[in-house]
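These notes concern the structure reproduced below.
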Amino acid sequence: MSSDTPILSRSPAAGLPGASRLQSIDALRGLVILFMLIDHVRETFYLHHQVPDPMDVSATAPELFFSRLLAHLCAPVFVLLTGLSAFLYGSKYEDGRAAASGFLFKRGLFLVLLEVTVVNFAWTFQFPPTKIFLQVIWAIGLSMLMLSALVWLPRRLIIPLGLLLVAGHNLLDHLHFAPDHALHTLWAVLHDRGWIDVSSSLRLRTSYPLLPWIGVIALGYAMGPWFAKGADALQRQRRLLTWGLGLLVGFVLLRAANVYGDKPWVVADSFLVSAMGFLNITKYPPSLLFLALTLGIGLLLLCAFERRPQMRWLAPLTVFGAAPMFFYVLHLYVLKFLYLGAQAIWGNNQGEVFGFDAIWMVWITTVAMGFALYPAVKAFAAFKARRRDITWLKYL
């Protein structure tokens with residue numbers, strides 16, 4: 001291997017003793033975290049222009065459509081990298097599968113608990129809650145629990161299982177169970193987004209049906225050997241490029257055929273609306289085309305970050321990516337207090353809510369929050385890297 005060949009560069013968060021993080025992975029995670037921030041600012045201050053899933057392209061402004069579309073990258077990339085990180089975690093131990101399985105099980109339970117308590121309270125500010133929204137942290141937590149069992153399978157079985165769940169789950173789209181059916185709760189968790197009545201005063205909303213996310217995390221784990229110590233960097237980059245391009249080509253061909261993988265699209269009167277319709281994909285649960293598009297872009301970004309680790313603008317991204325859970329919880333509470341403050345000062349100016357008048361105000365707020373939260377996230381990432389002796393910090 002040439003001395004000029006890019007290797008697994010370490011992120012700035014790894015600058016303290018004992019730290020060992022991969023820059024490309026942290027940078028990609030940090031980038032999608034900022035895309036997520038755009039979407040959460042939108043859901044806080046632009047809720048009066050709520051969008052369905054998939055979006056109604058005839059009634060959605062292009063700037064709102066593409067802001068939402070950009071945020072679609074977040075969950076698939078995050079879940080894929082969770083599986084990849086689980087493999088890398090296990091590779092540090094002699095009994096790698098046991099180490100990965102144990103960590104996945106404990107952290108999965110932690111994330112499920114975090115979702116139904118700290119995260120849900122940040123969205124609703126209700127205690128005791130009357131509604132609990134089971135969102136992305138819940139989906140990641142349950143996917144980790146499933147992966148804790150799947151890691152004991154041979155890799156040659158994990159890969160086809162992951163592909164089957166990602167590519168085949170849309171065959172189940174027409175299967176539904178009424179609320180009084182014995183299978184309603186299980187199916188709402190696995191595939192059919194809906195409400196689960198726990199009691200007369202508590203309902204659960206399964207915003208992120210689980211089945212396809214198990215496939216994504218399994219495929220992320222199966223990618224692990226590409227990033228293992230001693231793996232050939234050029235070969236890894238060729239694989240990332242090949243799979244990324246392959247997924248995007250597959251998306252275009254399957255979407256153009258309009259036969260499977262998502263709700264059909266139609267040619268509209270204008271090119272822009274037609275293009276929006278072509279890209280208008282379903283997130284809940286993530287369709288095959290949703291995952292093909294988002295994971296394809298994610299793999300190409302990861303390849304680019306691998307090839308150009310010296311790019312200066314990657315450094316702040318790696319900081320966000322080194323402490324993702326800390327940022328996630330922090331930004332939700334900051335957004336909630338900002339909203340309550342704005343509501344107290346200006347009142348409800350958009351019907352029953354306070355909201356921005358234009359989408360550009362969402363973008364400006366996102367940039368301002370990114371800069372404002374960066375010092376706290378950087379400090380926590382450095383503290384976490386320095387204090388490896390504090391076991392519970394690894395869960396954040």
Side-chain angles (χ1 to χ4, degrees), residues 1 5-29 78-113 140-163 213-237 239-240 243 302 306 309 318 321-326 381-396:
M1 182 183 298
T5 301
I7 60 172
L8 290 174
S9 303
R10 302 295 164 178
S11 73
L16 293 167
S20 179
R21 302 190 64 90
L22 304 182
Q23 176 175 278
S24 59
I25 296 174
D26 275 347
L28 180 57
R29 189 183 285 119
F78 232 103
V79 175
L80 187 79
L81 294 183
T82 298
L84 173 57
S85 298
F87 178 91
L88 296 176
Y89 177 87
S91 68
K92 297 184 295 184
Y93 297 89
E94 183 176 349
D95 192 352
R97 288 186 181 181
S101 180
F103 177 71
L104 284 164
F105 186 80
K106 289 182 288 187
R107 191 164 195 254
L109 289 177
F110 171 78
L111 292 183
V112 170
L113 178 63
I140 295 175
L142 287 185
S143 296
M144 293 179 83
L145 290 175
M146 294 301 300
L147 186 60
S148 70
L150 294 178
V151 297
W152 295 102
L153 295 175
R155 185 168 176 263
R156 66 179 182 273
L157 294 181
I158 294 176
I159 294 173
L161 176 61
L163 291 173
W213 296 118
I214 298 172
V216 175
I217 201 172
L219 293 176
Y221 183 85
M223 283 173 51
W226 301 358
F227 290 80
K229 185 177 181 180
D232 183 88
L234 290 179
Q235 185 180 51
R236 174 175 62 253
Q237 292 161 19
R239 286 170 171 167
L240 291 171
W243 276 97
L302 190 57
E306 282 266 315
T318 62
M325 189 53 60
F326 175 80
F383 176 71
K384 188 174 75 165
R386 184 173 64 250
R387 295 302 306 273
R388 292 299 179 94
D389 56 308
I390 304 178
T391 305
W392 62 266
L393 283 178
K394 65 184 178 182
Y395 294 105
L396 296 175

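Quantities reported herein were computed from a predicted structural model and do not represent experimental measurements.
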Distance check, rounded to the nearest 0.5 Å: [X] atom [atom1] versus [Y] atom [atom2]?
X	Y	atom1	atom2	answer
Phe78	Trp213	CZ	CH2	12.0 Å
Ser24	Arg236	OG	CZ	7.0 Å
Leu84	Leu22	CG	CG	8.0 Å
Arg107	Leu145	CZ	CG	12.0 Å
Leu81	Leu28	CG	CG	5.0 Å
Gln237	Leu302	CD	CG	9.5 Å

Note, [X] side chain near [Y] side chain (heavy atom, < 4.5 Å):
X	Y	result
Phe227	Glu306	yes
Ile390	Phe383	yes
Met146	Leu142	no
Ile217	Leu150	no
Trp226	Trp243	yes

- Message: Do Thr318 and Gln23 pair up side chain to side chain, a donor and an acceptor below 3.5 Å, judged on atom types alone?
- Response: no
How close do [X] and [Y] get, heavy atom to heavy atom, and via which atoms?
X	Y	answer
Ile159	Leu219	O-CD2, 3.7 Å
Leu88	Ile25	CD1-CD1, 3.8 Å
Ser101	Ser148	OG-O, 2.6 Å
Ala100	Ala86	CB-O, 3.7 Å
Gly162	Ala218	CA-CB, 4.3 Å

- Kindly write out the residues that satisfy ring pair (Phe, Tyr, Trp, His ring centres under 6.0 Å) with Phe105, not counting sequence neighbours, or none if the list is empty. none
- Task: Could I get the full list of ring pair (Phe, Tyr, Trp, His ring centres under 6.0 Å) partners for Phe87, not counting sequence neighbours?
- Result: Tyr221
- Sequence neighbours excluded, which residues qualify as salt bridge (charged side-chain N to carboxylate O under 4.0 Å, His left out) partners of Arg155? none
- side-chain hydrogen bond (donor to acceptor under 3.5 Å, both in side chains) filter on Ser85, not counting sequence neighbours, yields Arg29
- Message: According to side-chain hydrogen bond (donor to acceptor under 3.5 Å, both in side chains), who are the partners of Arg239, at least two apart in sequence or on a separate chain?
- Response: none
- Query: For the side chain of Lys384 and the backbone of Ala322, is there at least one donor-acceptor N/O pair under 3.5 Å apart?
  - Reply: yes
- Considering residues at least two apart in sequence or located in another chain, which fulfil the side-chain contact (heavy atoms from CB on, under 4.5 Å) criterion with Ala149? none
- Note on the structure: Only residue of Val79, Thr82, Leu109 satisfying side chain to side chain contact (heavy atoms under 4.5 Å, CB included) with Met144 is Thr82
- Intermediate values then yes/no, side-chain contact (heavy atoms from CB on, under 4.5 Å), Leu147 and Ile214: CA-CA 7 Å; Leu147 186 60; Ile214 298 172; over 6 Å; no
